[in-house]
Amino acid sequence: MKVEAGMCGDPAKFRRRLLGWYDMHRRDLPWRTNGDPYRVWLSEIMLQQTRVTAVIAHYHEFLRRFPTVERLAAAREASVLAAWSGLGYYRRARMLHAAAKVVVRVHGGKFPASEKQLRELPGVGRYTAAAIASIAFDEPVAVVDGNVKRVLRRVTGKRLAGEELWVTANHLLDAKRPGDFNQAMMELGAVVCTPRAPACLTCPVLELCATQGELAATTKPAPQKQREIHYSLHCRDREIFLVQRSSDASLMPGMWELPELPGMKRTASPSFTLRHSITVTDYKVHVWHAAAPSRCGGKWIPVGRLKQVALTGLARKILRKAAIL
Ligand code: SF4
């Protein structure tokens with residue numbers, strides 16, 4: 001069945017307005033300095049489910065450790081996970097590593113230049129393939145992510161879904177500057193056409209928009225769950241006791257963390273407390289200078305080696321707070 005594009009009165013004007021605004025106001029992000037496919041790919045994978053500010057902090061350090069796809073492919077998985085630590089959703093790091101190996105082994109170290117071929121790489125779905133193909137190789141293919149979806153729905157005034165979104169995005173796309181157009185759409189959604197308070201008065205496509213702010217979200221996000229959790233911070237002679245999550249754990253498999261102290265009673269004060277959020281849960285994390293429970297497994301790790309260990313984001317946060325990292 002043919003899917004119709006959602007209508008926007010004047011696509012040519014929309015492109016002009018959007019790209020004019022983007023040229024003047026785009027954020028100065030490190031992965032925008034050149035169109036090297038390795039850098040574009042890395043930034044796109046890091047940006048999935050992670051805020052721009054958190055990505056910037058890790059992007060430079062990751063590139064310092066793995067400046068080329070060949071260096072990434074040749075690295076040990078534990079080193080890749082260590083460099084990823086703090087970004088969360090570690091499956092992305094494993095897929096990134098697997099894809100680097102395919103690029104080197106199958107494509108001789110050169111990224112495939114089309115969306116279709118890029119989609120064959122591990123961890124590269126329709127959105128990521130279109131982003132790399134358009135930004136690094138100028139292929140005229142549109143992207144649809146959460147920001148683009150919101151902009152398209154508001155501009156057309158229709159509750160577009162599924163394939164309709166992709167058809168509409170491709171209908172609007174500027175074929176001469178596809179990479180810039182895609183980044184401009186995402187940028188518009190991120191900084192102007194935001195979910196709750198779209199800044200319509202400063203929007204470059206205001207006069208072409210069917211809703212002009214009428215579709216702003218009014219429902220509040222679901223409240224976060226609250227949990228308290230206790231961890232042992234056990235040190236001796238510049239070593240620290242850590243446990244490794246099981247390789248088949250659904251979250252962060254194989255990563256290292258501090259041993260949990262289950263059923264800890266608050267009869268005394270912990271050494272320190274910090275807050276940590278993972279998806280829908282806010283944790284109050286109590287850290288105790290105490291030995292780990294017996295039979296929890298684990299290993300003494302020299303403090304000097306911690307930077308090479310694939311730590312969970314929370315473990316890294318605790319060790320920083322304790323001035324160990
Ligand atoms: Fe979004 Fe308002 Fe711009 Fe329409 S006019 S695209 S609702 S910011």
Side-chain angles (χ1 to χ4, degrees), residues 3-29 31-32 40 43-44 46-56 115 125-135 138-222:
V3 179
E4 296 289 336
M7 293 309 291
C8 161
D10 187 341
K13 195 169 184 181
F14 183 93
R15 287 172 204 130
R16 268 200 316 279
R17 289 278 169 88
L18 182 70
L19 285 169
W21 168 82
Y22 182 69
D23 290 341
M24 295 279 292
H25 299 288
R26 67 176 168 189
R27 288 173 293 177
D28 192 14
L29 301 175
W31 43 89
R32 287 184 175 160
V40 173
S43 67
E44 288 298 338
M46 283 187 169
L47 286 163
Q48 291 166 10
Q49 293 152 311
T50 306
R51 282 174 298 111
V52 167
T53 43
V55 169
I56 291 173
E115 184 215 7
R126 186 174 184 178
Y127 161 80
T128 309
I132 303 169
S134 61
I135 297 169
D138 278 334
E139 185 178 346
V141 281
V143 300
V144 175
D145 70 349
N147 282 323
V148 174
K149 175 173 154 182
R150 184 170 60 256
V151 171
L152 290 175
R153 283 180 167 182
R154 288 175 174 172
V155 166
T156 62
K158 294 188 177 159
R159 300 218 39 98
L160 302 171
E163 196 57 28
E164 290 170 328
L165 287 160
W166 290 90
V167 172
T168 305
N170 274 300
H171 175 70
L172 282 177
L173 181 74
D174 188 311
K176 294 198 196 86
R177 294 178 61 189
D180 284 345
F181 180 89
N182 283 334
Q183 292 183 89
M185 285 289 277
M186 293 188 274
E187 185 107 340
L188 189 73
V191 302
V192 176
C193 193
T194 54
R196 252 160 275 286
C200 300
L201 292 179
T202 62
C203 178
V205 296
L206 173 65
E207 70 175 86
L208 301 161
C209 177
T211 63
Q212 303 189 342
E214 282 165 27
L215 292 185
T218 49
T219 50
K220 288 198 181 140

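Just follow the structure's listing: the first ligand is 1, and inside any ligand the first atom is 1.
Protein nitrogen, oxygen and sulfur atoms, that is N, O or S, within less than 2.8 Å of atom 3 (Fe) of ligand 1 amount to 1.
Remark: the Arg32 side chain and the Gln183 side chain contain an N/O donor-acceptor pair separated by less than 3.5 Å.
For Asp138, there are no salt bridge (Lys or Arg N to Asp or Glu O under 4.0 Å) partners, not counting sequence neighbours. Residues satisfying the salt bridge (Lys or Arg N to Asp or Glu O under 4.0 Å) test with Arg16, not counting sequence neighbours, are none. By the salt bridge (Lys or Arg N to Asp or Glu O under 4.0 Å) test, Arg153 is found to be paired with no residue, residues two or more places apart in sequence or in another chain being considered.
Side chain of Glu139 to main chain of Glu115: a donor-acceptor pair is present (N/O by atom type, distance under 3.5 Å, no hydrogens or angles).
Using a 4.0 Å cut-off between a side-chain N of Lys or Arg and a carboxylate O of Asp or Glu, Glu164 and Lys158 do not qualify as a salt bridge.
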